[in-house]
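Notes to accompany the following structure.
Model, not experiment: these values are computed from the prediction.
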Amino acid sequence: MQERDQSFGIQMLSVQPDTKPKGCAGCNRKIKDRYLLKALDKYWHEDCLKCACCDCRLGEVGSTLYTKANLILCRRDYLRLFGVTGNCAACSKLIPAFEMVMRAKDNVYHLDCFACQLCNQRFCVGDKFFLKNNMILCQTDYEEGLMKEGFAPQVR
């Protein structure tokens, strides 16, 4: 039987003073703190629900944890250990699974490589870019290429 990759939500709950203290799944002691975490259908001290790799407190780094191979992991370590890596369409170098990327159709790019491949202009949020013959182009270079090919856009 193959083990599935899974992500689970983390809830922070207030401990109600009139309820019986719950046992922590991490240390097996009673949770007497003001808050507790609920994850994997169990209750945890905030300090006890940690990533098995980097030891970060999972309640502080997000609302999701990941499990695989009996490990409880933060997103970054889960992707580092089990994520899919690929190559940048511009520089052909490896892109680690946890790294932020830019995508254009089926192409994936390092953030630093996502620039016009003719003039090297970096794109800002909201800039138009074009994918022609598997190359990223800024609007100016794209339109100049169209004019050279005799396919200049109609200006009205």
- Note on the structure: Between L36 and Y43 the two heavy atoms that sit nearest each other are CD1-CD2, 3.3 Å
- Message: Just verifying a value: how many Å separate C113 SG and N120 CG, rounded to the nearest 0.5 Å?
- Response: 10.0 Å
- Find out whether C27 and W44 are in side-chain contact, i.e. whether some heavy atom of one side chain is under 4.5 Å from a heavy atom of the other. no
- Query: Applying the 4.5 Å side-chain criterion to the ILVMFWY set and letting contacts propagate, would L73 and I10 be lumped into a single cluster?
  - Reply: no
- salt bridge (Lys or Arg N to Asp or Glu O under 4.0 Å) partners of residues 71-98, not counting sequence neighbours, each pair once: D77-R80
- Task: With rounding to the nearest 0.5 Å, note down the distance linking OH in Y109 to CD1 in I136.
- Result: 3.5 Å
- Message: Let me confirm one number: the CZ-CD distance from R57 to E46, rounded to the nearest 0.5 Å.
- Response: 5.5 Å
- Considering all heavy atoms of both residues, which atom of Q139 and which atom of F130 are nearest to each other, and what is their separation? CA-CE1, 3.5 Å
- Message: Measuring only between side-chain heavy atoms, which start at C-beta, is V15 closer than 4.5 Å to K22?
- Response: no
- Message: Centroid separation under 6.0 Å, is that true for the rings of F129 and F114?
- Response: yes
- Quick one: which of T64, L40, L58 gives a side chain to side chain contact (heavy atoms under 4.5 Å, CB included) with F8? L40
- Taken in chain and number order and not counting sequence neighbours, the residues that satisfy salt bridge (charged side-chain N to carboxylate O under 4.0 Å, His left out) with R122 are D112
- If every non-hydrogen atom of L81 is compared with every non-hydrogen atom of C53, which pair is closest and at what distance? CD1-SG, 3.5 Å
- How long is the span from the CG atom in L37 to the NZ atom in K42, to the nearest 0.5 Å? 14.0 Å
